[in-house]
Amino acid sequence: MPNDTATGSTEKIVILGSGNWGSAISFSIGNNAQRLAHIETEMNMWVFEEEIQHGGKACKPSHVIDEEHENVKYLPNIKLPHNIRAEPDLEKACRDITLLISVLPHQFLPPLLKKFRRIVHPFCRGVRLIKERTFPVIIS
């Protein structure tokens with residue numbers, strides 16, 4: 001079943017964000033990608049690279065996610081699908097994607113939008129799975 005991109009190729013998905021919500025949704029999306037023929041099996045999850053403590057030593061979250069298939073900082077004790085690849089480089093994570101799933105807090109997305117235009121597939125679609133939003137209070 002082909003997707004609706006102009007190329008007719010398989011869907012290439014990226015998950016932007018690797019906090020608890022990004023890791024949780026990657027579990028479901030990664031499992032679905034493994035069983036659906038119209039979605040590329042391997043997918044990237046963009047990780048903000050920082051230093052974390054794991055096993056008594058300092059390490060990078062992308063390394064732990066890729067090696068142990070677990071986000072020990074934000075979703076400990078839950079194994080992520082083996083087809084989820086943690087990628088700290090935004091351009092590598094998003095190169096030629098056709099579906100961008102953003103789970104970043106809303107304030108972090110606008111500065112990234114100009115970068116996306118240069119690197120994503122021309123027919124890329126986006127989905128925002130935000131869990132927080134501040135709306136101004138209007139009192140009349």
Side-chain angles (χ1 to χ4, degrees):
M1 178 168 130
N3 68 15
D4 61 346
T5 65
T7 63
S9 63
T10 57
E11 195 80 72
K12 185 174 180 181
I13 301 172
V14 69
I15 299 165
L16 283 185
S18 61
N20 56 359
W21 186 210
S23 296
I25 202 68
S26 75
F27 182 86
S28 178
I29 294 169
N31 282 327
N32 282 323
Q34 291 179 57
R35 65 179 189 78
L36 297 172
H38 66 284
I39 300 175
E40 285 188 18
T41 302
E42 298 295 316
M43 61 179 46
N44 290 330
M45 177 170 60
W46 181 55
V47 176
F48 176 75
E49 201 74 290
E50 58 186 326
E51 192 171 278
I52 62 171
Q53 292 296 314
H54 178 60
K57 60 181 180 177
C59 41
K60 302 287 185 187
S62 62
H63 178 74
V64 177
I65 291 169
D66 285 345
E67 295 297 316
E68 299 182 26
H69 307 286
E70 181 181 345
N71 188 335
V72 296
K73 181 175 180 180
Y74 293 107
L75 198 63
N77 304 314
I78 303 294
K79 291 295 183 185
L80 300 177
H82 288 244
N83 61 323
I84 299 294
R85 183 178 176 282
E87 178 55 65
D89 183 296
L90 181 66
E91 288 198 22
K92 286 181 184 177
C94 294
R95 177 79 48 212
D96 298 323
I97 58 159
T98 59
L99 181 60
L100 182 149
I101 299 173
S102 176
V103 290
L104 297 173
H106 69 277
Q107 68 268 26
F108 296 123
L109 188 60
L112 301 175
L113 292 176
K114 286 183 182 179
K115 290 182 182 183
F116 294 142
R117 176 173 266 164
R118 294 182 286 117
I119 55 179
V120 302
H121 188 280
F123 295 98
C124 180
R125 294 154 347 266
V127 177
R128 290 279 290 131
L129 303 177
I130 75 172
K131 61 180 181 178
E132 56 190 61
R133 179 69 179 141
T134 305
F135 294 99
V137 177
I138 300 172
I139 301 174
S140 42

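Throughout, numbering of the chain's residues begins at 1 and tracks the sequence.
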Note, [X] side chain near [Y] side chain (heavy atom, < 4.5 Å):
{"X": "P76", "Y": "E70", "answer": "yes"}
{"X": "Q34", "Y": "P81", "answer": "yes"}
{"X": "L36", "Y": "E11", "answer": "no"}

Open item on the list: Could you go through K12 and T10, starting from their C-alpha distance and side-chain angles, then the distance that decides it, and tell me whether this counts as side chain to side chain contact (heavy atoms under 4.5 Å, CB included)?
Closed with: CA-CA 6 Å; K12 185 174 180 181; T10 57; over 6 Å; no
Open item on the list: Could you check whether atom NZ of K57 has more than 12 heavy atoms from other residues, nucleotides or ligands sitting under 6.0 Å from it?
Closed with: no
- [ ] Using a cut-off of 6.0 Å, state whether more than 12 heavy atoms not belonging to H63 lie near its atom NE2.
- [x]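 Open.
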Task: Under the side-chain contact (heavy atoms from CB on, under 4.5 Å) test, residues paired with L112 that sit two or more places apart - done: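 With sequence neighbours excluded, L112 shows a side-chain contact (heavy atoms from CB on, under 4.5 Å) to W46, L90, L104, F116, given in chain and number order.
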- [ ] Only counting residues at least two apart or in another chain, list the ones meeting salt bridge (charged side-chain N to carboxylate O under 4.0 Å, His left out) with R35.
- [x]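 Expected list: none.
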Open item on the list: Let me check something: do I13 and I84 share a hydrophobic cluster, defined by ILVMFWY side-chain heavy atoms less than 4.5 Å apart, either directly or through other members?
Closed with: yes
Open item on the list: Check for me, please, whether I52 and V47 land in the same ILVMFWY cluster - side-chain distances under 4.5 Å, paths through other members count.
Closed with: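 Per the 4.5 Å side-chain linkage, I52 and V47 are not co-clustered.
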Task: Co-members of F48 in a cluster of I, L, V, M, F, W and Y side chains, linked at under 4.5 Å - done: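 So far as hydrophobic clustering goes, F48 is joined with none.
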Taking all atoms of both residues into account, what is the closest heavy-atom pair of [X] and [Y], and its distance?
{"X": "C59", "Y": "H54", "value": "SG-CB, 3.5 Å"}
{"X": "E50", "Y": "Y74", "value": "OE2-OH, 3.8 Å"}
{"X": "E91", "Y": "R118", "value": "OE2-NH1, 3.5 Å"}
{"X": "L109", "Y": "S102", "value": "CD1-OG, 4.0 Å"}
{"X": "V103", "Y": "I15", "value": "CG2-CG2, 4.1 Å"}
{"X": "A33", "Y": "E40", "value": "CB-O, 3.8 Å"}

TODO: Look at the side chain of N44 and the backbone N and O of V14, then say whether any donor-acceptor pair between them is shorter than 3.5 Å.
DONE: no
Open item on the list: Run M45 and L80 through side chain to side chain contact (heavy atoms under 4.5 Å, CB included) and show every step you take.
Closed with: CA-CA 11 Å; M45 177 170 60; L80 300 177; 4.2 Å; yes
Open item on the list: With rounding to the nearest 0.5 angstrom, report the CD to CD1 distance, E87 to I65.
Closed with: 11.5 Å
